[in-house]
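Before any comments, here is the structure.
Because the structure is predicted, anything quoted here is derived from the model rather than measured. Letters A, B, ... are given to chains in the order of the sequence lines, protein chains preceding strands, and every chain is numbered from 1.
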Amino acid sequence: MDSFARRLLAWFDQYGRTDLPWQRERTPYRVWVSEIMLQQTQVATVIPYFERFTERFPTLAQLAEAEPDEVLALWSGLGYYSRARNLHEAARQVARGWQGELPGHIDDLMMLPGIGRSTAGAILAQSLGQRQPILDGNAKRVLARYHAVDGWPGRTAVQRQLWEWAETHTPHSRIADYTQAIMDLGATLCTRGRPDCEACPLGSDCQARQAGTQARYPAPKPRKTLPLRETTMLIAQDANGRLLLWRRPPTGIWGGLWSLPEHDPDESLLDWCRESLGLEASEPTVGPEITHTFSHFRLTISTVLCRAKTATEVKDRGDFSWDLPEELFQRGLPAPVRRLLEAVTEPVDS
DNA sequence: GAATCGTGGAC
DNA sequence: TGTCCAAGATT
């Protein structure tokens, strides 16, 4: 047993979790159900669902005979509902093809729907004591820091490296405890935000800690380039270029809504529009622009193409009014301007 | 390789 | 309040 596993197990004996519902009566079936529920789901959330589920379906055979609707009903609120469908389907396959016993070989286990390598390893390690590595989010974080593994764990090469370390450190005895220990360490000390390295049993050997770079591991998922957002604005300015009013195109976000002229006169019109539209303040492209100048004001139709601040959809802010044009434009407006307004604001079928 | 699935928590 | 993330697997 290497020092990683030895120190981890010594820590587990003192601080590890031993009272979780699926740790009592650790049968393959119960461990399986728990592992499926725990995929991308935190322990505190899972516990009541696990209790209800195993109370209703104490055995694999009972689950296999259940109605799909009832299985889903017990899952409702937990999310990732394909997990429930896969669990039920796998139970039926096991009842039919494996005499009702979960297969004890990892390759057979992984052929069942919803069971990947890490889940299969966890089931075999925790319920049967088989020497199988796991690589869940906790283990990834612990191993990435301990060995200073660079790169986003979602990448194949990084994942392969982490699996190698997971295999290397998995001891030949106390497998169930070790598996629980590495997850407990990740969940309680080696956390994503502020790891408690002072209390970590691996502290002196952790490469990230030695370098003081704990926060860099594991590397975050690369950011996607933010989407381009295009909008056409109808803008009314006075003779000095100050904004009077502007109206969004009839379709798309804030379609047809009029904006109040609340911007600081010293602020450029473009900056104000960018801010209002949730656009990033860098390198906007101002497309075709049509300006009509009249005695007291000028009217501009401008297309702005700009990278969004966020990838998420911008929501209606609710501080726009529908009835301003009646007051300010429709009355006493030069006929050419009115025609221009109607052309721009008229609904577009596309 | 990237998108998708879902809900709740942390910052 | 937005963003990322959590005991991943599947397409």
Side-chain angles (χ1 to χ4, degrees), chain A residues 12 16-17 20-23 26 30-50 72 74-90 106 109-127 132-144 151-160 162-163 166 176-196 215-227 278 280 308-318:
Chain A
F12 176 81
R17 292 182 287 193
L20 297 170
W22 42 90
Q23 291 178 313
R26 281 204 288 198
R30 287 170 59 85
V31 171
W32 174 36
V33 172
S34 76
E35 288 300 328
I36 300 301
M37 286 187 171
L38 285 160
Q39 288 169 2
Q40 301 292 288
T41 309
Q42 296 186 342
V43 169
T45 304
V46 163
I47 288 176
Y49 285 88
F50 179 83
L72 279 172
L74 283 166
W75 210 273
S76 92
L78 198 54
Y80 284 123
Y81 298 99
S82 63
R83 293 185 299 177
R85 289 187 289 269
N86 286 334
L87 180 66
H88 188 212
E89 171 58 24
I106 191 165
L109 215 43
M110 287 177 62
M111 291 179 64
L112 294 171
I115 302 182
R117 182 174 176 189
S118 187
T119 297
I123 293 170
L124 295 174
Q126 297 209 2
S127 67
Q132 297 287 352
I134 62 155
L135 192 61
D136 70 322
N138 289 308
K140 285 178 186 172
R141 190 167 52 254
V142 171
L143 293 170
W152 177 51
R155 279 181 32 196
T156 304
V158 178
Q159 189 140 1
R160 189 170 60 245
L162 290 172
W163 270 113
D177 285 346
Y178 171 83
T179 299
Q180 188 62 46
I182 195 169
M183 291 192 288
D184 284 355
L185 189 80
T188 61
L189 292 187
C190 196
T191 55
R192 184 170 62 92
R194 298 179 177 278
D196 188 358
R216 297 204 322 207
Y217 302 94
K221 181 177 182 174
R223 305 283 317 220
K224 287 166 39 177
T225 54
L226 295 172
E280 198 178 44
K309 277 180 181 172
T310 69
T312 54
E313 196 69 20
V314 180
K315 291 175 183 171
D316 189 342
R317 299 182 182 187

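Side chain of A/Ser118 to backbone of A/Leu135: a donor-acceptor contact under 3.5 angstrom is found. Counting only distance, with no hydrogens or angles, the side chain of A/Arg83 and the backbone of A/Met37 share a donor-acceptor pair below 3.5 Å. In this structure a side-chain-to-backbone donor-acceptor pair under 3.5 Å is missing from A/Trp22 to A/Arg26.
Taking only side-chain atoms of A/Tyr80, from C-beta outward, the nucleotide of B/dG6, B/dG8, C/dA7 with the closest atom is B/dG6. If you check C/dA9, C/dC5, C/dA7 against the side chain of A/Pro220, the one that comes closest is C/dC5. Across C/dA7, B/dG8, C/dA9, the shortest atom-to-atom separation from the side chain of A/Thr45 is found for B/dG8. Here the nucleotide nearest the side chain of A/Tyr81, chosen from B/dG6, C/dA7, C/dC4, is B/dG6.
A/Met37 places its CE atom 16 Å from the C1' atom of C/dA6, with the value rounded to the nearest Å. Going from atom CD1 of A/Ile115 over to atom C1' of C/dG8 covers 12 Å, rounded to whole Å. Atom CH2 in A/Trp22 sits about 9 Å away from atom C1' in C/dA7, given to the nearest Å. Note: CG (A/Leu78) to P (C/dA7) measures 15 Å, nearest angstrom. In this entry the distance linking OH of A/Tyr49 with P of C/dA7 reads 18 Å, nearest Å. Rounding to whole angstrom units, CG of residue A/Leu87 and C1' of C/dA9 are separated by 13 Å. In this structure, CH2 of A/Trp75 is placed 12 Å from C1' of C/dA9, rounded to the nearest angstrom. Rounded to whole Å, atom P of B/dC11 lies 11 Å from atom CD of A/Gln42.
Among the heavy atoms of the strands, none lies under 4.0 Å from A/Val46. Across all strands, A/Gln159 comes closer than 4.0 Å to no nucleic acid atom at all (heavy-atom distances). Nucleic acid contact class of A/Gly114 (heavy atoms, under 4.0 Å, all strands): sugar-phosphate only. Counting any heavy atom pair closer than 4.0 Å across all strands shown, A/Gly77 reaches sugar-phosphate atoms only and no base atom. Across all strands shown, A/Leu20 has heavy atoms under 4.0 Å from base atoms, whether or not it also approaches the sugar-phosphate. Within the nucleic acid shown, A/Arg194 has no heavy atom closer than 4.0 Å to any nucleic acid atom.
Distances shown here put a side-chain N or O of A/Thr119 below 4.0 Å from the OP1 or OP2 atom of C/dA9. For A/Arg83 and B/dT4, the shortest distance from a side-chain N or O to OP1 or OP2 is not below 4.0 Å. Within the structure, a side-chain polar atom (N or O) of A/Gln40 is placed less than 4.0 Å from OP1 or OP2 of C/dG8.
Across C/dC4 and B/dA3, the matching P atoms stand 13 Å from one another, rounded to whole Å. The separation of C/dT1 from B/dG8, taken at their C1' atoms, amounts to 16 Å, rounded to a whole angstrom. Taking the C1' atom of each, B/dG6 and C/dC5 are spaced 13 Å apart, rounded to whole Å.
No more than 12 heavy-atom neighbours from other residues, nucleotides or ligands sit within 6.0 angstrom of CE on A/Met111.
In this structure, A/Asn86 and A/Gln126 both approach DNA chain C, and ranking their closest nucleotides by distance from the 5' end singles out A/Gln126. Taking for each of A/Pro218 and A/Arg117 the nucleotide of DNA chain C with the nearest heavy atom, the 5'-most of the two is the partner of A/Pro218. Between A/Gly154 and A/Gly79, the residue whose closest nucleotide on DNA chain B is further toward the 5' end is A/Gly154. Of the two residues near DNA chain B, A/Arg192 and A/Thr41, the one whose nearest nucleotide lies more 5' is A/Thr41.
Atom CG of residue A/Leu185 and atom CG of residue A/Asn138 lie 8.5 Å apart, to the nearest 0.5 angstrom.
Heavy atoms only, all atoms of each residue included: A/Gly116 and A/Met110 are closest at O-CG, 3.8 Å. The two residues A/Ile36 and A/Ile115 come nearest to each other via the heavy atoms CD1-CG1, 4.5 Å.
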